[in-house]
Amino acid sequence: MINYKNELNQGQYEAVVRTENPLLVLAGAGTGKTRVITYRIAYLINEIGIEPERILAVTFTNKAAEEMKHRLRGLVGTAASSVWMGTFHSISLRILRRDGSAVGLKPGFGVIDQDDRMALFREVIKTLKIDHKKYPPKQYMNKISWFKNTPQYVERQIPDAGSFHRIDEVFREYQKRLDEQFLIDFDDMLSLTIRMFEVSEEVRQYYSSMFEHILVDEYQDTNAIQFMFLRLLAGRSGRICVVGDDDQSIYGWRGADIRNILEFDKHFEDVEVVKLTENYRSTADIIARANTLIKNNAMRRGKELTAHLEMEGALEHHSLLNETSEADFVTKMISKYADEGVSYGDMAVLYRTNAQSRNFEVNLNKVGIPYKVVGGTAFYQRREIKDLLSYLRFFDNSFDSVSFSRSLTTPSRGIGTTTIDKIRDFASKNAVSLIEAVKQMFPSFSRNQQEGFRQYVGIMDHLASFTKVSDMVNGVIERTGYKDYVLANESEEEAKKRIENIHELYNAAVAFEETSPEGTLTDFLASTSLSTSTDEASGDRVSLMTIHSAKGLEFDTVFLTGLENGLFPLYGSIDEPEQLEEERRLCYVGITRAKRNLYVTCAESRIMYGNRTVSARSYFLEEMGFAKAKASFTPSTRQFDRFQPKARKPMQPQGKEASSNSKAGKKVRHEKFGDGIVISTSGEGASEKAEVFFKNAGGLKKIVTAFLTFVDE
DNA sequence: ATCAGAGGTGTTTTT
DNA sequence: CACCTCTGAT
């Protein structure tokens, strides 16, 4: 049926048929990674005779899993749906649903989503009377999230006391509340699964022998405990195949450990390695730029892509005056290509930070070009959706206090925080559910409040009369009068959008019933917590997204924007070689998204923090070989600091060579903060301020230039 | 209990 | 700039 030899090149073929030993596939951008994975699974099923449900395939996003399943269906038909395919998180969740009792989870446990988790941290900080201004809840959340991704947490340790203000207390209190509410958070999915494997040899054995073959996509972005997960299932000599590209590792900040891929052959026995370097995506020009850029990185296994498509395209760099002209330029080019017949869905505008999307949005709107901002607020994060779901969440889990207070107060019923806090206390002290607390405390409420509660409890009772998730969704929409509430409180335009979303929620519930006929409300709610904005379809519209979100995607025409020092590479990374390398990899990912046309832009100044700041061209521009901007698009005569094209230890900025009107990159000294590097400047004359990164004194600070001494080297 | 307005604060990137 | 939280007025 499938002719593997004909449909794959030599390297891909090897990657597909070597199924005995641990296999590392180093697959550069556009070298047919997805093809390898799908064909390998097909090969395992069709040629080796492995049962599809004994194959585990881990992807980076839910969307990638869907895409892969779709492609696999084309190769093996309905068997595709039996393969275990999904992200580490979704697979872990599935495992925990079945065996979570081994680590003390109650069968119907819920999953708290990111926003609610943040809300929970705020509560905790408040209860512990910690000054949230001095110690923002967000920091605790990040630190604890980070900690939950370490082997120590898997081993049940508690964060090092003293490492951050009262963090162990916060951790305990936060965890206590989660436990009380029978909730787990995002990070728990993975760490609890691994803990379970360690605690229960029986469970581990069950999954380990069930999965005869494990495949992992985007292996370069796995972290320490994801590695543990794989090791526990596959053993040291197991049948595991990981596919990745060390040059595309861009999640170090999230704990991804590039050593997982660099040292794969140390972690497993008898490892075979296949390198895929033949690129079938981009023009030779694009590949050449990508290669020269990434050569500047020291931490890599080292490989060079070769272009295999006979195709011509544009590859240009344009330096624009400011962020508006950058957006103008991009918009103009998009129109041009659209006129030439390139469809909108085949074009993408990429940037380093989400905040940059605005200018493009404004301009594209003006001209009427359809676009989609990927990575904005995810569907399930929208206010109206969260409001409605909070009823279902509370109905599903009457211990969930975040959902309780949200649903109880939207639309408002004359019950406020004071009363809610009382109910919480009561429930917590008596170890009863919140709904039980309400019932017992009922006589103590004022008449008005009693009316509110009666209505609220009525909705919950109403929900109990349904079995189908979609009916419940509909029930909430009807009984809360949510549409009227929206119409009464929002502008007509806004209300229309929200109501559309509400209908979409109902559709999602119907779709859920179709894809998982056995699925419960709990499952549906968990799936909403796992869903992210990158999972949503984009249609025939121009994609606006961060380079991180663009990972794994490709477009005919790509605009890579904002190539300025301080923005891309971003501030903090400039002085840290390792981080700078990650930024460079990110740039590499950006370049290699383009198939035919690539435009790389920068702006000489842009508004940041509300004032206009001038910044220097990105190091990466010179490294890609864009030594000078095109004359026609550089009205400014300003000179920028230049760097040796092949500096190894990237770039101690050379202050001396900078011109007088751009101080970016210069080394400075401040009486109090010590040595630093100027990132950008704003203002004129005596009020001129410089944004300076102080390595040893708290990072980025804004200082009036007069207080700085410029240091010559 | 709710809302509007002031004022302070901080920004990467996301499963 | 844009968000968020706190405050004081209804």
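Reminder, nothing fancy here: chain letters follow the sequence lines and each chain counts from 1.
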Could you pull out all residues at least two apart from [X] that satisfy side chain to side chain contact (heavy atoms under 4.5 Å, CB included)?
{"X": "A:Asp387", "result": "A:Arg383, A:Arg406, A:Thr410, A:Tyr482"}
{"X": "A:Lys143", "result": "A:Gln139, A:Phe164, A:Ile167"}
{"X": "A:Arg94", "result": "A:Trp84"}
{"X": "A:Asn359", "result": "A:Glu323, A:Ala327"}

Discussion item. Among residues at least two apart in sequence or on other chains, which ones pass salt bridge (charged side-chain N to carboxylate O under 4.0 Å, His left out) with A:Asp523?
Written reply: A:Arg97
Write out a two-atom table: protein N or O, nucleotide N or O from nucleotides 3-6 of chain C, distance below 3.5 Å.
residue	atom	partner	partner atom	Å
C:dT5	OP1	A:Arg122	NE	2.6
C:dT5	OP1	A:Arg122	NH2	3.4
C:dC6	OP1	A:His132	NE2	2.9

Worksheet entry | Contact under 4.0 Å: A:Ser549 side-chain N or O vs B:dT14 OP1/OP2 | yes
Worksheet entry | B:dT12 OP1/OP2 closer than 4.0 Å to side-chain N/O of A:Ser573 | no
Worksheet entry | Close aromatic pair by centroid cut-off 6.0 Å: A:Phe445 and A:Phe453 | yes
Practice prompt. Tell me what A:Phe60 touches on the nucleic acid: a base, only sugar-phosphate, or nothing, going by heavy atoms under 4.0 Å.
Written response: sugar-phosphate
Discussion item. Need one value for A:Ile415: base, sugar-phosphate or nothing, where a base atom within 4.0 Å counts as base even if backbone is also close, heavy atoms only.
Written reply: sugar-phosphate
Item to complete: Indicate whether A:Tyr251 forms a stack on B:dT14; treat it as stacked only if centroid distance is below 5.5 angstrom and interplanar angle below 30 degrees.
Response: no
